[in-house]
2 protein chains.
Amino acid sequence: MVDRDPDKTRQALLFAAFTEINQNGFQAASLNNILKETAVTKGALYHHFPSKLELGYAVVDELIWGNVKESWVTPLIDVDNIIDALLSMIDRSIEYRNEDNICFGCPLNNLAQEMSPIDEGFRERINHIFDQWRAAITDGLIEGQANSIVKKTISAEASAYFIVAAIEGATSLAKNAKSVDVLRTSLQGLKEHIQTLRK
Amino acid sequence: MVDRDPDKTRQALLFAAFTEINQNGFQAASLNNILKETAVTKGALYHHFPSKLELGYAVVDELIWGNVKESWVTPLIDVDNIIDALLSMIDRSIEYRNEDNICFGCPLNNLAQEMSPIDEGFRERINHIFDQWRAAITDGLIEGQANSIVKKTISAEASAYFIVAAIEGATSLAKNAKSVDVLRTSLQGLKEHIQTLRK
DNA sequence: CTATACATACATACTGGTCGGTATGTTTAT
DNA sequence: ATAAACATACCGACCAGTATGTATGTATAG
């Protein structure tokens, strides 16, 4: 980094930190590795972020939240049929995976598992993202009930919890098994469940 | 440890390592903390285990597998009605949780998330446990189909994948939310799904 | 000129792991 | 029976390496 473009430097650090964290976890993520990857010096890093912890927080607030929003929240906003939207969202998440990236799992869940018992700052930030995600599903289901697309007998909130849980669980299993097939098979049950919510 | 009881020393190390790992993850687990906790010296530890890695493997193979077997495998062996067995197994896992232990999540899933992309030894061991667990569910469902307790139209294997995924996902969400209610709500959908497998 | 952006060298704490040595127990030879 | 030989269990100081973080300096843009 010689170009003296602070915004670019910051973004480069964030992205490298995201990758390093996603591969090794936050605690084992090495600042030196991040610096090596970006060719940024330690002084520059500590100019942009006061500590490793704050760098991690920024990764969650900016990069991870951006990813979740794009993949799991925006696709559910203002859709005609929430059931179809959920199903195609799940299909896209399967199509996105291949044998090379399946092993990294869900960045949000990875960090959640590692850091939520240790650091309250991480936990709150991650929990907020889960809340937004789940709220998007809940709202969609409620609207679907109003539009006679979704059964009125089900609890939208409970269904949203279950859907998020099943997606995260399936991603976890597939990560551990290093298998897209495991992801597909695990999510098949979820898709069938979602079909039963249809009016 | 002055009592010169090698088996007791080994078990104490394993248990302390399990706790330390469950709270901090494997990489951040400190051998010195484990030694402090058990009052075992470093020499003694390295007498029993050749490396930190092998200590971690032993925790998985012995302690974690023991827990999973007791809570999730044995309860499904030789049962009259697999559907009822699954439902009460899930209920027990909810009852076991309280506001103090909910934040630790599932030890198996914790380790899986952290270590499976980094270390193949961990991944294989953890995957083996998941396999045993899933196999117990699959076998139960197949037997249930033979005994006309479970619908013959469903795929026992796919259902087993989905059930494990949903349980792990729900435990993860609850861990992050620090809430038994989140666990209960998330698993409610799973219980309803399991009911639909009944013939 | 001054604040911002970055560079370099260093401080400090902690990590897993090693190594020489000791204490206790068990086997074996006479 | 008993001394010698050996094995197991454990001790704790110490090592090299690495971690994050800091102190101080320089270059540059406005």
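Lettering of chains follows the sequences in order, A, B, ..., and the numbering in each one begins at 1. Heavy atoms only: backbone and side chains are in, while hydrogens, waters and symmetry mates are out.
- The aromatic rings of Tyr57(A) and Phe122(A) stand perpendicular to each other, their planes meeting at an angle above 60°, with 30° marking the opposite boundary.
- An OP1 or OP2 oxygen of dC10(D) is reached within less than 4.0 angstrom by a side-chain nitrogen or oxygen of Thr9(B).
- Cluster annotation: Leu53(B) is connected to Ile34(B) through the hydrophobic network of ILVMFWY side chains, with a link wherever side-chain heavy atoms come within less than 4.5 Å.
- Phosphate contact (OP1/OP2 of dC6(C), side-chain N/O of His47(A), threshold under 4.0 Å): absent.
- Nearest heavy-atom pair, Val59(B) versus Ile21(B), reported as atom, atom and distance to 0.1 Å: CG2-CD1, 4.3 Å.
- The CZ atom of Arg10(A) sits 15 Å away from the C1' atom of dT4(C) (whole-angstrom rounding).
- The phosphate of dC10(D) (OP1 or OP2) has a side-chain N or O of His48(B) nearer than 4.0 angstrom.
- The aromatic rings of His193(A) and Phe162(A) sit perpendicular to each other, their planes meeting at more than 60°, with 30° as the lower class boundary.
- Separating the CD atom of Glu20(A) from the P atom of dT20(D) is a distance of 9 Å, rounded to the nearest angstrom.
- Distances shorter than 4.0 Å separate none of the side-chain N or O atoms of Ser30(A) from OP1 or OP2 on dT18(D).
- Summarising the geometry, the separation between CZ on Phe49(B) and P on dG16(C) is reported as 15 Å, rounded to the nearest angstrom.
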Expected rows: protein N/O vs nucleotides 17-19 of chain C N/O, under 3.5 Å:
| residue | atom | partner | partner atom | Å |
| --- | --- | --- | --- | --- |
| dG17(C) | OP2 | Tyr46(B) | OH | 2.5 |
| dG17(C) | OP2 | Lys52(B) | N | 2.8 |
| dG17(C) | O5' | Tyr46(B) | OH | 3.3 |
| dG17(C) | N7 | Lys42(B) | NZ | 3.3 |
| dG17(C) | O6 | Lys42(B) | NZ | 3.2 |

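- Taking atom CG of residue Asp7(B) and atom P of nucleotide dT8(D), one finds them 15 Å apart after rounding to whole Å.
- For the pair Gln27(A) CD and dT18(D) C1', the computed distance is 16 Å after rounding to whole Å.
- Panel note: side chain Ser88(A), backbone Ala85(A); a donor-acceptor pair is recorded below 3.5 Å.
- Going from atom CG of Leu35(A) over to atom P of dA19(D) covers 11 Å, rounded to whole Å.
- Positionally, the nearest nucleotide of DNA chain D for Ala44(B) lies more toward the 5' end than for the other of Ala28(A) and Ala44(B).
- Ile34(A) has its CD1 atom 17 Å from the P atom of dT18(D), to the nearest Å.
- Panel note: side chain Arg97(B), backbone Gly105(B); a donor-acceptor pair is recorded below 3.5 Å.
- For dC14(C), neither phosphate oxygen OP1 nor OP2 lies less than 4.0 angstrom from any side-chain nitrogen or oxygen of Asn32(B).
- Remark: of the listed residues Lys191(B), Glu192(B), Arg198(B), Arg198(B) is the sole one forming a side-chain hydrogen bond (donor to acceptor under 3.5 Å, both in side chains) with Gln195(B).
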